[in-house]
2 protein chains.
Amino acid sequence: MPGPRRSITETEQAIQQRLGGLTLQREAMAAVGNIHRAAAAVRNHLENSVLRPHELTWTSFVVLWVLWIWGEAETWSVAEEAGISKGTLTGVSRTLESRGLVARSPHPEDRRRVLLSLTPAGEKLMEELFPAFNAEEAFVSAPLSPEQCLQLADSLRVIVGRLEERGEQRRRKLLADEDLAPRRSGRRPRP
Amino acid sequence: MPGPRRSITETEQAIQQRLGGLTLQREAMAAVGNIHRAAAAVRNHLENSVLRPHELTWTSFVVLWVLWIWGEAETWSVAEEAGISKGTLTGVSRTLESRGLVARSPHPEDRRRVLLSLTPAGEKLMEELFPAFNAEEAFVSAPLSPEQCLQLADSLRVIVGRLEERGEQRRRKLLADEDLAPRRSGRRPRP
DNA sequence: GCTTTATCGTTTGGCCTCAAATGATTACCT
DNA sequence: AGGTAATCATTTGAGGCCAAACGATAAAGC
């Protein structure tokens, strides 16, 4: 019979043991590792509390959120802001449109582009949903003081900013002399 | 023509404006929002730098990592530790097994259970991969001092710990009188 | 004007993702 | 011992996810 699940503290101790011999950036490892643990835990909690009754996935909610914050916007920009690819956005916005939460309209000056916006139903949903969402954000961070939350947000913003500024350059440098095989998945050239 | 992508600072300013009228937990919102922005940015960077040449997805790497840290373990525990469902792990471990990185062996006392472990090739890969992975963890968090990294890891651990301890209880309370529709996706009962 | 060249959003293919159903096995109960 | 309940990994179905291919449109070059 399996024992209780391992706590995050036990996990960190096991990492220390396993890597005892290697000289590594332990602080960075702890920070980055916990970013992902926390992101997954928080996402899971929000999906299974406030989003589930509305049958919204995380990504759908984020897209609604972006449109709520920024107002009508091009798909290009919405995908960027939501942190998903434009291909993914095509599917998600189609789903939201079919549920009457998002409207799609052609760009007045460029027929290639498409503008997305919330419908009145979408606006109404966000006005109802966001306070509940924020209440859970407050729940998960309740043990931290407001100052600690801001400190946390600051440190994370520094990391995001660094990748915004130097990430691409760094990747180019790292992969400069790599001979990358084509991706396993993805569309194939026609024969 | 679309302008440059909006920075994380601009995004936070827009949120402030949009929510000017509402009374909300801004500190919690900033913290939680940035957790996800940072997680996505870091994951994207690592997938497209150290993982891509080895044709490993993020999830595959995390599973290898868990087996490397904990050694041979039951699928049950690996899924928990990797932060994925056991159904997902079935697929991922099958892929890793087909690439000769992971071995699957029956539990000596319970034929329902399965033990996973790294093959020698898997061990070798992790010994080569992990230093490179850690170097990128150091790269993304370079602007932060070691003390700030530990502070960051601490705050995130507090959030994960809170959800480990009180998350399920909270969700039960929130959904107590909700009449949840069955999930849209998922296996259907046989007719 | 006519031809590149660039840039839209969409489509495609192969994974990942979850929760519930399912079959195999084990534990419990009488 | 024999039946029921619990628990394991797997399967299933619908959707999310990305990058590259693609068709439609627009801009630039000539």
Side-chain angles (χ1 to χ4, degrees), chain A residues 1-3 40 43-44 47-48 51-52 55-63 73-80 82-99 104-116 180-191, chain B residues 1-3 40 43-44 47-48 51-52 55-63 73-80 82-99 104-116 180-191:
Chain A
M1 203 156 339
R43 175 174 169 158
N44 176 65
E47 281 185 329
N48 288 313
L51 298 185
R52 194 92 131 76
E55 303 200 48
L56 285 175
T57 63
W58 177 266
T59 303
S60 298
F61 176 79
V62 173
V63 168
E74 300 183 31
T75 60
W76 184 85
S77 161
V78 174
E80 183 87 38
I84 57 178
S85 72
K86 51 187 188 162
T88 300
L89 180 63
T90 296
V92 172
S93 61
R94 213 196 325 260
T95 300
L96 292 173
E97 192 186 15
S98 77
R99 290 218 227 163
R104 171 187 304 261
S105 55
H107 190 286
E109 300 163 16
D110 187 338
R111 277 184 294 177
R112 291 172 303 181
R113 305 190 211 176
V114 172
L115 295 171
L116 296 182
L180 286 185
R183 274 178 108 255
R184 240 162 229 288
S185 60
R187 188 162 177 168
R188 297 276 169 273
R190 62 151 77 170
Chain B
M1 204 154 336
R43 174 174 167 159
N44 176 66
E47 281 184 329
N48 288 312
L51 299 185
R52 193 95 129 76
E55 304 201 49
L56 285 176
T57 63
W58 176 267
T59 304
S60 298
F61 176 80
V62 172
V63 167
E74 301 184 30
T75 59
W76 183 85
S77 162
V78 174
E80 184 88 38
I84 58 179
S85 72
K86 50 189 186 162
T88 300
L89 180 63
T90 297
V92 172
S93 61
R94 213 197 324 261
T95 300
L96 291 172
E97 192 185 16
S98 76
R99 289 216 227 163
R104 170 188 307 260
S105 55
H107 191 285
E109 299 165 15
D110 188 338
R111 279 181 294 175
R112 291 170 304 181
R113 306 189 210 176
V114 172
L115 296 171
L116 297 181
L180 287 186
R183 271 179 110 257
R184 244 161 226 288
S185 60
R187 189 163 178 167
R188 299 275 169 274
R190 62 152 77 168

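Numbers restart at 1 for each chain; the letters A, B, ... are given by sequence-line order, proteins then strands.
Listed by chain and residue number, nothing satisfies the side-chain hydrogen bond (donor to acceptor under 3.5 Å, both in side chains) test with B:Thr95 (two or more places apart in sequence, or in another chain). In this view, B:Arg43 and B:Glu47 satisfy the salt bridge (Lys or Arg N to Asp or Glu O under 4.0 Å) rule, not counting sequence neighbours. Taking the side-chain hydrogen bond (donor to acceptor under 3.5 Å, both in side chains) definition, one finds that B:Asp110 meets it with B:Arg112, B:Arg113, sequence neighbours left out. Residues passing the side-chain hydrogen bond (donor to acceptor under 3.5 Å, both in side chains) test with B:Thr57, sequence neighbours excluded: B:Ser60. A search for side-chain hydrogen bond (donor to acceptor under 3.5 Å, both in side chains) contacts involving B:Ser93 returns B:Arg104, not counting sequence neighbours. By the side chain to side chain contact (heavy atoms under 4.5 Å, CB included) test, A:Ala40 pairs with no residue at all, sequence neighbours left out. Judged as a side chain to side chain contact (heavy atoms under 4.5 Å, CB included), and not counting sequence neighbours, the contacts of B:Ser105 are B:Glu72, B:Leu115.
Nucleotides of DNA chain D nearest to B:Arg52 and A:Trp58 differ in position, and the one nearer the 5' end is that of A:Trp58. Judged by closest nucleotide on DNA chain C, A:Thr75 is the one of B:Ser60 and A:Thr75 placed further toward the 5' end. Along DNA chain C, the nucleotide nearest A:Arg94 and the nucleotide nearest A:Glu47 are compared for position; the residue whose nucleotide lies closer to the 5' end is A:Arg94.
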Contact list (N/O, under 3.5 angstrom) for nucleotides 23-25 of chain C vs protein:
{"unit_1": "C:dG23", "atom_1": "OP1", "unit_2": "B:Arg190", "atom_2": "NH2", "d": "2.9"}
{"unit_1": "C:dT25", "atom_1": "O2", "unit_2": "B:Arg112", "atom_2": "NH1", "d": "3.3"}

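Taking CZ from A:Arg94 and CG from A:Leu89, the interatomic distance works out to 10.5 Å, rounded to the nearest 0.5 Å.
Of the residues in residues 83-93 of chain A, those placing a heavy atom less than 4.0 Å from an atom of DNA chain D are A:Gly83, A:Ile84, A:Ser85, A:Thr88, in numerical order.
Per the geometry, CG belonging to B:Leu96 stands 12 Å off P belonging to C:dC15, to the nearest Å.
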